[in-house]
Amino acid sequence: MTPHTDRKTAPAIVLGCIADDFTGATDLANNLVRAGMRVVQAIGVPEGPLDTQADAVVVALKSRTIAPDEAVAQSLAALQWLRAQGAQQIYFKYCSTFDSTPAGNIGPVTDALMQALETRFTIATPAFPDNKRTVFKGYLFAGDVLLNESGMQDHPLTPMTDPNLVRVLQPQTRHKVGLVDYQAVAQGPDAIRARFAALQAQGVGIAIVDALANADLVTLGQALQGMPLVTAGSGVAIGLPQNFGIAPDAQAAALPPAAGLQAVVSGSCSVATNRQVAEFIASGRPALALDPLRIASGADVVGEALAWAGGRLASGPVLVYSTAEPAAVRAIQGRLGVEQAGAMVEDAIAGIARGLVQAGVRQLVVAGGETSGACVQALGIAQMRIGAQIDPGVPWCFATSDVVPEGLHITLKSGNFGTPDFFTKAFATP
Ligand code: ADP
């Protein structure tokens, strides 16, 4: 059988997702897997067809804060690819804190996808009660406080100063924005659909939807059956697989068996990661700290780290980290510049990750969102199958690439995710 016929016989996907950032894509994929879907995450728009069977694909873009035109172009390219794979419903995923500005990118991307899909109505809700994001009367809460009191009002790129999502979205879109409030949601799918129809009759094109509990998202999911486009955080995903006859099933998370050497690389300086590094060291396992000033001096830090790891890998997981406390990070940033320090450390860790895999590591934990992006790129990974979650939002993944044709188990942990024992627990999770 030629590869071409092989691909042609692969069943089509049912759900096509477009995520506006990388770790958000994984978060969404993780929710879909837990709801029973077999999911592949693609890094950027794939060049060829999907090469494995899946119910859903999440295309991870980096479009949250780029120019709206560019975000629209990338999202439309993703849409075209997903439709070519057979996607019956499209899911545009953004941040659960609705990160955007009056210029976009949630509104412009939604408008463009609606136009391309020739649909006149969609929803928008970042609600995900499991992650403490709830929407009531159109107002978004993060934990116990309104969005604009949560710290998000000071975000450097997308300051969120208004918690009312109808007001936040309206200036970003050509469509009239309305609200499906909790009264309708509490009454069930028929009441939600009736509200959709009433809003459309009033000329509304995008409806913010209230949700206070995960059960509301499951109810909402039923009302979304057949809607060509859904826009949301990752929460709404828990209610969609049921519409395609898919129920939670541990098989959805099945990956090839994990074997081979184990390593952790960490470029995250978040509070949770600092704790995880400390806990790994306290457990007596080998750990090597990278010195950003030595990287800046041109020393062969990658070669040194690989030589250090070489003799130790056979005895169990090793950790190579640049993780540091805020004061140390500020000192380095003061000397090297924030961006330059970040890029240099990312490059070094990505080179170490690649070298470790070339040395036989087949189970790799990466800590840090940006660090993950750099490592995935250095490893030549374009598509990952999503497996079981280690901690909420952080699943094991399996990928093949030119660097590792036989496949690599990899998990990408963004900053504040994971329990303190994450680095050791990960290797005990199937
Ligand atoms: P997180 O998910 O915790 O935000 P990221 O990987 O996204 O982690 O971001 C951390 C950034 O900090 C990266 O650019 C990384 O290269 C940089 N970095 C890592 N260690 C240090 C350090 N010791 N000093 C300065 N910058 C660092």
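Excluded from the calculations below are hydrogen atoms, water molecules and symmetry mates; all remaining heavy atoms, backbone and side chain alike, are included. In listed order, ligands and their atoms are each counted from 1. Numbering starts at 1 and runs along the sequence shown.
- The aromatic rings of F423 and F280 stand perpendicular to each other, their planes meeting at an angle above 60°, with 30° marking the opposite boundary.
- Close N/O approach between A341 and ligand 1 is not found [any backbone or side-chain N/O within under 3.5 Å].
- A side-chain donor-acceptor contact under 3.5 Å links T273 and S268.
- With hydrogens and angles left out, the side-chain atoms of T173 and D111 include a donor and acceptor closer than 3.5 Å.
- When only non-hydrogen protein atoms are considered, atom 23 (N) of ligand 1 lies nearest to S322 O, 2.9 Å.
- Checked against the 6.0 Å centroid criterion, the rings of F92 and Y94 qualify as a close aromatic pair.
- For S270, a nitrogen or oxygen atom sits less than 3.5 Å from a nitrogen or oxygen atom of ligand 1, counting backbone and side chain alike.
- Counting heavy atoms only, G267 comes closest to atom 19 (C) of ligand 1 of the residues A350, G267, S266.
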Test K425 against E279 for salt bridge (Lys or Arg N to Asp or Glu O under 4.0 Å), laying out the working first.
CA-CA 11 Å; K425 182 169 72 178; E279 176 124 347; over 6 Å; no

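- Interface of G369 with ligand 1, defined as ligand atoms under 4.0 Å from a residue heavy atom, comprises 1 (P), 2 (O), 5 (P), 6 (O), 7 (O), 8 (O).
- Contact between V329 and ligand 1 is present, with at least one heavy atom of the residue lying under 4.0 Å from the ligand.
- Nearest-residue assignment for atom 14 (O) of ligand 1 (options E339, E370, K413, E346; heavy-atom criterion): E346.
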Let me see the working for L240 and Y91 under side-chain contact (heavy atoms from CB on, under 4.5 Å), right down to the final yes or no.
CA-CA 10 Å; L240 295 184; Y91 190 122; 3.4 Å; yes

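- For atom 6 (O) of ligand 1, the closest non-hydrogen atom of the protein is T371 OG1, 2.6 Å.
- For the 3.5 Å distance criterion, the side chains of K413 and Q276 qualify, holding a donor opposite an acceptor.
- Taking every non-hydrogen atom of I332 and a distance limit under 4.0 Å, the qualifying atoms of ligand 1 come out as 24 (N), 25 (C).
- T400 and E406 share no donor-acceptor pair across their side chains, judged by distance under 3.5 Å alone.
- By the 3.5 Å distance cut-off applied to N or O atoms, S414 is not counted among the residues near ligand 1.
- Scanning the protein heavy atoms around atom 21 (C) of ligand 1, the nearest turns out to be C269 SG, 3.7 Å.
- Checked against a 3.5 angstrom limit, the closest N/O atoms of A367 and ligand 1 fall outside it.
- Of the candidates G334, G368, G373, the one placing a heavy atom closest to atom 8 (O) of ligand 1 is G368.
- Taking distance alone, with nitrogen or oxygen atoms compared against 3.5 Å, Q333 stays at or beyond that limit from ligand 1.
- For the pair K62 and E70, the salt-bridge criterion is not met [side-chain N within less than 4.0 Å of a carboxylate O].
- What you find for G267 and T323 is that their closest heavy atoms are N-OG1, 4.5 Å.
- Evaluation of the side chain to side chain donor-acceptor pair (under 3.5 Å) test over residues 335-357, restricted to residues two or more places apart or in two chains, returns none.
- G342 O, 2.8 Å is the protein heavy atom nearest to atom 16 (O) of ligand 1.
- Considering both main-chain and side-chain atoms, G415 comes within under 3.5 Å of ligand 1 through a nitrogen or oxygen pair.
- Of all the heavy atoms of S268, the ones lying under 4.0 Å from any atom of ligand 1 are found in both the backbone and the side chain.
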